[in-house]
Amino acid sequence: MAAPNDEEGAEGPRCHQRSPAMLDVPFLPFCAFLGTLGLLCVAMVGTWCQHWRGGFSLDGSSRTFNWHPVLMVAGLVVLYGAAALVYRIPSSWSGPKLPWKVLHGSLALGAFVLTVLGLAAVFRFHNSQGTPNMYSLHSWMGLGTVLLFSCQWAAGFGAFLLPWAPAWLRALYKPIHVFFGSTILMLAVASCASGINEKLFFSLKNGTTAYKLLPAEAVFANTLGLLILIFGVLVVAALARPSWKRPDSDSPDSRQ
């Protein structure tokens, strides 16, 4: 499993204190706002690729490349963020953990599948056009994030979903899982932002209004990058808020 959470393992009851430094916003309205923001990011990247970049296809042209940003934003950012917040849903705080673990892992797996398809799209485009692969900082960051994501999901599956994983292993790996979960999300956001910037530099030059003159496409794509950044920061902030964390308890699932 890949997304950040701190619910697995048995550490005993935990007392939650309201943080006066944070706004007292109910979780469900916050989650609804965050979901709307995530859908807006996906809609905007799709609109950008359709309106300014020529649409979508599977023929190896630049329209094949356009699947890459859409799938990466939808999978590695938005769906991953949804997986991260599963254990912040109040209804997950009571009863067995196992169904929520399965949902958490399934959402993360879905995000991983979309991410792999996004990588396949950009590699196919590069290979069909004779463009070298893995030469830019964006590509290094992106591939590193995906590799870390795959390791995180596999390790989380082994530690928290396999029934024979010992309790001491879960307790040992739990803070590592939490740390790398949030880290992967922020790396994904950074990769998306650098990818948007790189695409604008490559596209807005000969025959178009230069990027430095800030044409409509640049304004739209820059706004998209800011919204993706805001989405990632809000997810991490929600994960860090003590009053939204599931209290540890000796639930039936923890004894499984």
Side-chain angles (χ1 to χ4, degrees), residues 2 37-82 107-150 153 184-185 187-232:
L37 179 59
L39 292 176
L40 177 61
C41 290
V42 176
M44 286 186 66
V45 70
T47 301
W48 176 32
C49 293
Q50 180 66 44
H51 182 71
W52 281 285
R53 297 291 103 216
F56 303 90
S57 76
L58 298 174
D59 58 4
S61 67
S62 60
R63 293 184 298 167
T64 299
F65 171 86
N66 289 341
W67 287 108
H68 174 68
V70 172
L71 292 172
M72 287 303 192
V73 172
L76 201 54
V77 176
V78 177
L79 194 56
Y80 186 96
L107 289 174
L109 181 59
F112 182 73
V113 170
L114 293 181
T115 300
V116 171
L117 293 176
L119 286 179
V122 70
F123 279 116
R124 181 174 181 183
F125 166 69
H126 282 177
N127 293 336
S128 65
Q129 301 297 316
T131 303
N133 292 305
M134 303 304 302
Y135 64 89
S136 67
L137 176 61
H138 164 68
S139 62
W140 291 10
M141 289 176 57
L143 187 61
T145 303
V146 175
L147 292 176
L148 192 58
F149 184 5
S150 61
W153 193 93
I184 290 167
L185 178 61
L187 286 174
V189 169
S191 297
C192 288
S194 64
I196 291 170
N197 196 240
E198 182 180 284
K199 183 63 176 177
L200 290 174
F201 274 118
F202 284 162
S203 302
L204 300 180
K205 47 182 183 179
N206 298 332
T208 65
T209 303
Y211 188 14
K212 64 182 179 180
L213 299 178
L214 207 64
E217 179 181 357
V219 173
F220 188 90
N222 286 349
T223 303
L224 168 64
L226 288 176
L227 291 179
I228 291 172
L229 176 61
I230 292 171
F231 179 88

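Closest of all the heavy-atom pairs between Phe112 and Ser150 is CE1-CB, 3.6 Å. Closest non-hydrogen pair, Phe231 versus Val77, comes out as CE2-O, 3.4 Å. Considering all non-hydrogen atoms of both residues, Phe56 and Asn66 come closest at CE2-O, 3.4 Å. Val73 and Cys192 get closest at one heavy-atom pair: CG2-SG, 4.1 Å. Smallest separation of non-hydrogen atoms from Pro215 and Ala210: CD-O, 3.3 Å. What you find for Asp59 and Ser57 is that their closest heavy atoms are OD1-OG, 2.6 Å.
The distance from the CD atom of Gln129 to the CZ atom of Arg124 is 11.0 Å, given to the nearest 0.5 Å. In this structure, CG in Leu143 is found 4.0 Å from CE in Met134, a value given to the nearest 0.5 Å. Here Ser191 contributes atom OG and Leu187 contributes atom CG; the two are 6.5 Å apart, rounded to the nearest 0.5 Å. Atom CE of Met141 sits about 10.0 Å away from atom OG of Ser136, to the nearest 0.5 Å. Once rounded to the nearest 0.5 Å, the distance linking OG of Ser62 with NZ of Lys199 reads 6.5 Å. The CG atom of Asn133 sits 9.0 Å away from atom OH of Tyr135, with the distance rounded to the nearest 0.5 Å.
Looking at Ser194 and Leu137, their side chains never come closer than 4.5 Å, going by heavy atoms from C-beta outward. Two residues are said to be in side-chain contact when any heavy atoms from C-beta on lie closer than 4.5 Å; Trp67 and Leu58 meet this criterion.
The side-chain contact (heavy atoms from CB on, under 4.5 Å) check on Leu79 picks up Leu107, Ala111, Leu114, with sequence neighbours excluded. Among residues two or more places apart in sequence or in another chain, the ring-ring contact (aromatic ring centres under 6.0 Å, His included) test is passed with Phe65 by His68, Phe125.
Put simply, the residue from Ile228, Leu40, Val78, Leu224 that forms a side chain to side chain contact (heavy atoms under 4.5 Å, CB included) with Val45 is Leu224. For the side chain to side chain contact (heavy atoms under 4.5 Å, CB included) with Thr145, the lone residue among Leu185, Thr115, Leu76 that qualifies is Leu76.
Among pairs with a residue in residues 210-222, those fulfilling side chain to side chain donor-acceptor pair (under 3.5 Å) read Trp48-Glu217, Arg53-Glu217, Asn197-Tyr211, Tyr211-Asn222, at least two apart in sequence or across chains.
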side-chain contact (heavy atoms from CB on, under 4.5 Å) between Met44 and Thr223, intermediate numbers included: CA-CA 9 Å; Met44 286 186 66; Thr223 303; 4.2 Å; yes
